[in-house]
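Every heavy atom of this structure was used, including side-chain atoms; hydrogens, water molecules and symmetry mates were not. The residues of the chain are indexed from 1 along the displayed sequence. Just so you know, ligand 1 is whichever comes first in the structure, and atom 1 is the first atom listed for that ligand.
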Amino acid sequence: EILLNNSSISLLDDTELEEMCRNVIQDLSAYGLCVLDDFLGRKKGEAVLKEVLDIQSQGLLRNGQLVSAKSNQDQRIIRGDQICWVDGKEPHCPHIGFLISQVDAVIVRANRMLDNDRLGQYNINSRTKAMVACYPGHGSHYVKHVDNPNGDGRCITAIYYLNLDWDVQASGGLLRIFPEGWREDKVADIEPLFDRLLFFWSDRRNPHEVQPAYQTRYAITLWYFDSTEREEALRRYQKDSKY
Ligand SMILES: Cn1c(O)c(C(=O)NCC(=O)O)c(=O)c2ccccc21
Ligand SMILES: [Mn+2]
C-alpha cells in the first residue's frame, strides 16, 4: 500500500478544497456515499482517458479473475472486467498520477477536517494503488458484492469514471448501490459519467453491482485504508495482503 503524503497539492484553492471536503464529509455521513461531478475539468479528464486507452491498446489490462460465484444458473461470465494496477508514478501515465494526487488531496484534507483528525471514526493515511478497469461491453458486468466485507482495512472506495457521453438507457453499465439503512425499495443508481468522482464506504454498508454494460466502460478506483483496521488486518493476515 501507499502512504499518503499530507502535502498533496490540490488544483483548487484552499477555500474551494475546504468547501468540497465539507460536501464529501456531509454526504458520506448522511448517505454513505458522495458524487462529485466535473472533478478535473474536461481537458484534464480527457488526458486521463487517453492514458487509459493507451494502457488498453498496449494490452496491459488483464481479464478480471473470475469471482467464485454460488450457483448462479444462467450467468456464464461472472465478470468480464479487465484490470491493471497503476501507482501513478509511472512515466507513461502522468495524468493518472495527477488524478490520484487530486483525490488524495481531498481525502487528506477531509481526514483532517473532522473530529480532530478523523473522517468519521476513521484515520486515513494510506491507500492502494489505482485500479484501472475496463468493461468491454457485450453485457459484461459485476455481481453484487461488498468491497471490504471482512475488515481488510479499506474504508473508503473512490471511483473516477471516464465515459464520454455515456447513455445508461442505451449502454447500461449503471452502478447500483444498495445502501444499508435505506428503505428496502431505495437504491442509489450512479451513472458512470465522464469526470465524475464517487466516494462510498467500502464495508458492508454499501453492497453494489455493475449492471451489464453494452459499450466499453472505463473507471479508475482507489481504496483508502483506515490505519487502525489496516494494522489489525495485517497482523491477522500478514501473508496474503494483496494490496
Ligand atoms: C472491475 N472491478 C469493479 O468494477 C469493481 C466495482 O465495484 N466497480 C464499480 C464501478 O465500476 O462502478 C470492484 O469492486 C472490483 C473489485 C476487484 C476487482 C475488480 C473490480
Ligand atoms: Mn466494488
(request) Name the orientation class of the two ring planes belonging to Trp182 and Tyr31 (parallel below 30°, tilted from 30 to 60°, perpendicular beyond 60°). (result) perpendicular
With atoms numbered from 1 as shown, which atoms in ligand 1 lie under 4.0 angstrom from a non-hydrogen atom of [X]?
{"X": "Asp81", "result": "1 (C), 19 (C)"}
{"X": "Leu175", "result": "9 (C), 12 (O)"}
{"X": "Val210", "result": "8 (N), 9 (C), 10 (C), 11 (O), 12 (O)"}
{"X": "His208", "result": "7 (O)"}
{"X": "Tyr135", "result": "1 (C), 2 (N), 3 (C), 4 (O)"}

(message) salt bridge (charged side-chain N to carboxylate O under 4.0 Å, His left out) for Arg127 and Glu1? Distances and angles first, verdict last.
(response) CA-CA 6 Å; Arg127 60 164 163 77; Glu1 71 211 51; over 6 Å; no
(request) Just give me the atom name: the N, O or S atom of Asp147 closest to the Mn ion (ligand 2). (result) OD1
(request) Specify which N/O/S atom of His145 comes nearest to the Mn ion (ligand 2), by atom name. (result) NE2
(message) Using ring centroids (six-membered ring only for Trp), state whether His208 and Tyr142 fall under 6.0 Å.
(response) no
(message) Looking at ligand 1, would Glu209 count as a contact under a 4.0 Å heavy-atom criterion?
(response) no
(request) Could you tell me whether Thr221 approaches ligand 1 through its side chain, its backbone, both or neither, with non-hydrogen atoms closer than 4.0 Å? (result) neither
(message) Below a 4.0 angstrom heavy-atom separation, can you tell me which part of Leu198, side chain or backbone, both or neither, approaches ligand 1?
(response) neither
(message) Less than 6.0 angstrom from the centroid, inside 45 degrees of the normal: does Arg230 satisfy that with respect to the ring of Phe225?
(response) yes
(request) Mark yes or no: Arg205 above the aromatic ring of Phe178, with NZ or CZ under 6.0 Å from the six-membered ring centre and no more than 45 degrees from the axis. (result) no
(request) Give a yes or no on whether the backbone of Leu17 and the side-chain of Arg109 come within a donor-acceptor separation of less than 3.5 Å. (result) no
(request) Compute whether any side-chain donor of one residue and acceptor of the other, for Glu51 and His95, lie under 3.5 angstrom apart. (result) yes
